[in-house]
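To keep things clear, I will list the structure first and then write my remarks on it.
Chain letters run A, B, ... following the sequence lines, proteins first and then strands; every chain starts at 1.
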Protein chains: 2
Amino acid sequence: MMSDGVTELIEASGIAPQNGERRRGIDRVIMLLEALLRHRAPMRVGDIARMIGAPRSTTYEIVNSLLEAEMLENVGTEGYVYFGRAMHLFGWAYSHHNAHYRRILETLDRMAAETGETVQLCGLRGNKYVVLDCRDSPGPFRISSDVGVEVSIPWTASGRLLVGHMSEEEIKNFIPAGDYKLPDGRVIAPEEFFADVALARRQGFSETAALADRFTWCMAAPIHDGHGAINKTLCFVLPVDTPEVRRGELLSLLRERARGLSLVGG
Amino acid sequence: MMSDGVTELIEASGIAPQNGERRRGIDRVIMLLEALLRHRAPMRVGDIARMIGAPRSTTYEIVNSLLEAEMLENVGTEGYVYFGRAMHLFGWAYSHHNAHYRRILETLDRMAAETGETVQLCGLRGNKYVVLDCRDSPGPFRISSDVGVEVSIPWTASGRLLVGHMSEEEIKNFIPAGDYKLPDGRVIAPEEFFADVALARRQGFSETAALADRFTWCMAAPIHDGHGAINKTLCFVLPVDTPEVRRGELLSLLRERARGLSLVGG
DNA sequence: CACTTTTGTCCGGTATTTCAGACATCATGT
DNA sequence: ACATGATGTCTGAAATACCGGACAAAAGTG
């Protein structure tokens with residue numbers, strides 16, 4: 001028996017498990033790490049092999065190399081591996097190397113402390129939306145999405161800002177057609193989405209209520225990079241029944257802080 | 001001229017730049033990332049090549065692959081590269097991965113796959129409740145609590161089961177007085193909580209509606225260890241508006257699976 | 001301006017690495 | 001007990017990824 005519900009993911013991943021194809025170790029490594037990220041839990045070598053469409057023997061070899069480098073580590077009694085300490089160091093180095101990003105993270109901390117709400121930093125990864133970092137509200141149960149998980153752009157408030165620089169035509173080519181379908185089955189008409197994008201661009205912020213799920217009110221404000229483009233967004237994830245007055249206050253704060261983080265063009 | 005004071009580091013690194021040796025791409029990648037980490041600043045491809053003792057052509061190839069995977073990214077006007085966003089995501093995954101995976105994983109996976117709901121494995125850690133593991137329902141935003149975060153026992157359904165073996169007196173000594181106060185300010189009367197505990201023990205399960213927050217219906221069933229004690233629970237976290245019929249089905253499934261995982265006496 | 005160093009890209013050959021398959025051991029389930 | 005499937009390790013062989021080297025263009029130096 002396969003130890004997991006992994007088979008669906010193999011097919012979903014779209015990686016053609018073409019037979020007889022030989023691939024480079026580097027590419028295997030990249031595929032492996034991304035598979036691990038999507039799965040979000042330790043995996044066994046056999047399952048990894050299936051997931052990335054690599055021979056078992058090759059996968060063992062690669063995993064052992066990465067284990068030795070501490071990019072992966074064993075977890076649990078046997079067989080399971082997950083990201084290792086080295087990854088943490090690399091990631092930490094990434095997020096602290098540039099002053100702008102550090103400033104953003106500090107703002108994130110401050111906003112979370114001041115408001116007690118869930119705050120996120122969002123961006124694009126390919127043609128998907130991802131949460132780059134977040135500070136969750138202190139309650140025991142929270143409404144949030146995991147850092148690094150790819151989500152369809154039309155499901156999010158931030159997504160409406162992040163494609164703001166594109167024409168309708170460009171957006172149409174950029175976002176996969178299936179991404180307009182919400183998790184609950186509803187479908188967003190592309191025209192409606194384009195209108196949202198235009199509105200977000202005019203307003204300088206974007207809000208969605210009970211869109212990707214029934215419980216959240218999301219508001220996002222753009223962080224402009226040096227060239228005036230929108231690279232990242234700052235975002236509150238609120239309970240949908242948050243009073244309007246408070247929403248207004250939070251929106252003001254959000255826009256102010258996002259403006260403060262934007263770089264004015266060279 | 002070498003663009004940096006890198007030469008010293010090459011020697012300091014201890015990597016023998018043996019000539020004529022051929023190395024695998026994977027090993028090059030590992031050396032490259034570690035070199036970047038040691039250097040703690042963006043580097044140019046030429047310097048990287050010298051630093052890891054690799055041919056320039058090879059280094060370009062590798063760097064380009066890693067750039068495409070966003071494990072590296074270009075920084076500055078030209079030529080410099082440093083860790084990329086993917087590294088941040090991998091590192092985040094590492095540091096948010098708390099120990100206790102592994103044991104009841106399969107059941108957790110299967111239940112999540114079968115029902116599409118959020119399933120958790122819960123236990124005690126000192127006099128607090130913790131989520132030991134969870135499988136979240138699909139969908140981008142979810143209602144959940146972080147694995148490993150300590151929560152007051154009276155706020156949870158599982159908590160009512162986990163203290164089931166104690167007398168009222170023991171419970172009173174065990175749970176800090178402040179823990180009866182909910183996040184929204186309401187206070188649970190200790191007597192009411194004791195009654196809940198007794199009910200949970202008689203029923204063999206426990207449910208709470210909109211307790212720790214306004215959006216969740218929690219149901220928990222006990223996993224008995226070899227001595228008949230309850231030290232873990234299986235738990236569904238549902239939207240509070242889940243229809244009663246479905247709740248009934250899920251509760252049955254939950255109790256059945258929890259019973260299946262319980263160990264019958266030594 | 002002449003001179004040197006570096007950058008980024010391309011190419012063909014071969015030393016290597018990936019791959020397929022086999023095998024002994026464990027687990028799991030019937 | 002038997003059948004099935006997964007794990008971890010090896011091996012030989014062939015496809016190819018890496019290497020060395022060459023080149024034009026750019027950038028620094030005197």
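- Taking a 4.0 Å limit (strictly below) on heavy-atom distances, residues 57-72 of chain A reaches DNA chain C at Ser57(A), Thr58(A).
- A heavy-atom distance below 4.5 Å is found between the side chains of Leu253(B) and Glu114(B).
- Using modelled atom types, one finds no donor on one side chain facing an acceptor on the other under 3.5 Å when comparing Thr59(A) with Arg28(A).
- Side chain of Trp92(A) to main chain of Trp92(B): no donor-acceptor pair is present (N/O by atom type, distance under 3.5 Å, no hydrogens or angles).
- The side-chain heavy atoms of Met71(B) and Ile30(A), taken from C-beta on, include a pair separated by under 4.5 Å.
- Spacing between atom CZ of Arg23(A) and atom C1' of dC18(D) amounts to 18 Å, rounded to whole angstrom units.
- Following rounding to the nearest Å, Arg22(A) (CZ) and dA13(D) (P) show an atom-to-atom distance of 15 Å.
- No donor-acceptor pair closer than 3.5 Å links the side chain of Gln120(B) to the backbone N or O of Cys122(B).
- Atom-to-atom, CZ of Arg50(B) to P of dT7(C) comes out at 6 Å; the value is rounded to the nearest Å.
- No side-chain N or O of Thr208(B) forms a donor-acceptor pair with one of Arg160(B) less than 3.5 Å apart.
- Checking the phosphate oxygens (OP1, OP2) of dT17(C), no side-chain nitrogen or oxygen of Arg28(A) falls inside 4.0 Å.
- Taking the nucleotide of DNA chain D with the nearest heavy atom to each of Ile26(A) and Gly46(A), the more 5' of the two is matched to Gly46(A).
- Among Tyr101(A), Phe90(A), Tyr94(A), the single residue meeting the ring pair (Phe, Tyr, Trp, His ring centres under 6.0 Å) criterion with Phe83(B) is Phe90(A).
- Between its two ends, the helix from dC1(C)-dG30(D) to dT30(C)-dA1(D) turns its axis by 50°, counting five pairs per end and rounding to 10 degrees.
- Dashed line: the shortest gap from a side-chain N or O of Arg44(A) to OP1 or OP2 of dA6(D) is not under 4.0 Å.
- The side chain of Arg56(A) lies closest to dA22(C), out of dA17(D), dC19(C), dA22(C).
- Looking at Ile223(A) and Leu121(A), their side chains come closer than 4.5 Å, going by heavy atoms from C-beta outward.
- Residue Leu162(A) holds its CG atom at 14.5 Å from NZ of Lys128(A), rounded to the nearest 0.5 Å.
- Residue side chain Arg24(A) does not reach the base of dA17(D) through any donor-acceptor N/O pair under 3.5 Å, judged by distance alone.
- Between Asp27(B) atom CG and dC18(D) atom C1' there is a gap of 12 Å when expressed in whole angstrom units.
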